[in-house]
Novice: 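Below you'll find the structure I mean.
Nothing here was measured: the structure is a model prediction, and the numbers come from that model.
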Amino acid sequence: MADGAALWRIARDSKVLDLNSSYSYLLWCRDFAATSAVVRDEGREPVGFITGYVRPDRPDTLLVWQVAVDETHRGRGLAASLLDGLVARIAADRRLTHVETTITPGNTASERLFTAFAERHGARLEREVLFDTGVFPDGPHDPEVLYRIGPLTETP
């Protein structure tokens with residue numbers, strides 16, 4: 001729970017992610033800590049995170065909600081390490097065969113992260129629009145493209 005405020009700040013400063021309320025990050029750190037991960041700097045301050053959950057209707061699928069790394073720590077492979085580590089941790093406790101995420105078109109960093117993840121794990125990558133622009137009630141929003149990766153043949 002203590003990391004929620006830091007995760008909110010990192011998401012806000014990313015200028016790419018949809019920023020949820022600070023309350024949602026606090027709840028996320030409480031309720032979904034087992035399916036999320038935080039990377040810290042030498043001073044033990046959070047500098048990156050990945051949030052996710054196991055889909056209730058597909059218990060073999062991890063949905064990755066958000067991935068962000070503080071600007072000063074980008075380019076070091078932290079996001080890939082966080083993703084690999086989180087998938088390995090969850091796979092150690094349950095049968096995990098797929099990873100899903102949604103990415104808005106033009107978010108090249110996320111596109112590269114998840115495409116490379118699929119390649120590293122010998123998995124197929126399928127893309128389809130999950131939520132089109134018109135379904136968002138709060139104004140213009142880019143479509144959210146579902147990336148479905150699996151089956152995973154090699155766990156990290």
Novice: Which atom pair, heavy atoms only, marks the closest approach of Gly4 to Leu26?
Specialist: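 In terms of heavy atoms, the two residues are closest at CA-CD2, 3.9 Å.
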Novice: Quick check: closest heavy atoms across Ile50 and Leu82, and the distance to 0.1 Å?
Specialist: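 Answer, listing the atom of Ile50 first, then Leu82: CG2-CB, 4.1 Å.
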Novice: What are the two closest heavy atoms between Val54 and Arg58, and how far apart are they?
Specialist: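 Smallest interatomic distance, heavy atoms only, reads CG1-O, 4.3 Å.
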Novice: For a quick test of reading the model, state the closest non-hydrogen atom pair linking Leu19 to Ala11 and the distance between them.
Specialist: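 Leu19 and Ala11 have their closest heavy atoms at CD1-CB, 4.0 Å.
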Novice: For a quick test of reading the model, state the closest non-hydrogen atom pair linking Ser36 to Thr51 and the distance between them.
Specialist: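 Heavy atoms only, the tightest pair is OG-CA, 3.3 Å.
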Novice: For the side-chain hydrogen bond (donor to acceptor under 3.5 Å, both in side chains) test, which of Thr133, Asp132, Asp18 pairs with His141?
Specialist: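 For His141, the side-chain hydrogen bond (donor to acceptor under 3.5 Å, both in side chains) test succeeds with only one of Thr133, Asp132, Asp18, which is Asp18.
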Novice: Could you give the side-chain donor-acceptor pairs of residues 40-47 under 3.5 Å, partners two or more places apart or in another chain?
Specialist:
residue : atom : partner : partner atom : Å
Arg40   : NH1  : Asp3    : OD1          : 3.4
Arg40   : NH1  : Arg44   : O            : 3.3
Arg40   : NH2  : Asp3    : OD1          : 3.3
Arg40   : NH2  : Asp3    : OD2          : 2.6
Asp41   : OD1  : Gly43   : N            : 2.9
Asp41   : OD1  : Arg44   : N            : 3.1
Asp41   : OD1  : Glu45   : N            : 2.9

Novice: Do you reckon Val38 sits in the same ILVMFWY cluster as Ile10, going by side-chain contacts under 4.5 Å, direct or chained?
Specialist: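 Yes; Ile10 is reachable from Val38 via cluster members.
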Novice: Indicate the ring-plane relationship of Phe32 and Tyr53, choosing parallel, tilted or perpendicular according to the 30° and 60° boundaries.
Specialist: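 Plane angle between 30° and 60°, so tilted.
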Novice: What I'd like to find out is whether the side chain of Thr101 reaches to under 4.5 Å of the side chain of Leu63, using heavy atoms alone.
Specialist: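 Thr101 does not reach Leu63 side chain to side chain.
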Novice: We want to know whether Thr104 and Asp142 form a side-chain donor-acceptor pair, criterion being a heavy-atom distance below 3.5 angstrom.
Specialist: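 There is no such pair (donor and acceptor under 3.5 Å, judged by atom type) between the side chains of Thr104 and Asp142.
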Novice: Hey, are the side chains of Leu83 and Val64 touching, using non-hydrogen atoms and a 4.5 Å cut-off?
Specialist: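 With C-beta onward as the side chain, the pair touches.
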Novice: Could you tell me how the ring of Trp28 sits relative to the ring of Trp65: parallel (under 30°), tilted (30 to 60°) or perpendicular (over 60°)?
Specialist: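 Tilted: the ring planes of Trp28 and Trp65 meet at 30° to 60°.
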Novice: Check whether any side-chain heavy atom of Gln66 lies under 4.5 Å from a side-chain heavy atom of Tyr25, and answer yes or no.
Specialist: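 Yes, side chains in contact.
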Novice: For the residue pair Ala123 and Pro151, what are the closest heavy atoms and their distance?
Specialist: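 Nearest pair, atom of Ala123 first, then Pro151: CB-O, 3.5 Å.
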Novice: With side chains defined as the heavy atoms from C-beta onward, is the minimum distance between Tyr23 and Leu27 less than 4.5 Å?
Specialist: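 Yes - at least one pair of side-chain heavy atoms lies under 4.5 Å apart.
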Novice: I'd like to check Arg124 versus Glu126 (side-chain heavy atoms, cut-off strictly below 4.5 Å). Are they in contact?
Specialist: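 SC-SC contact between Arg124 and Glu126 confirmed.
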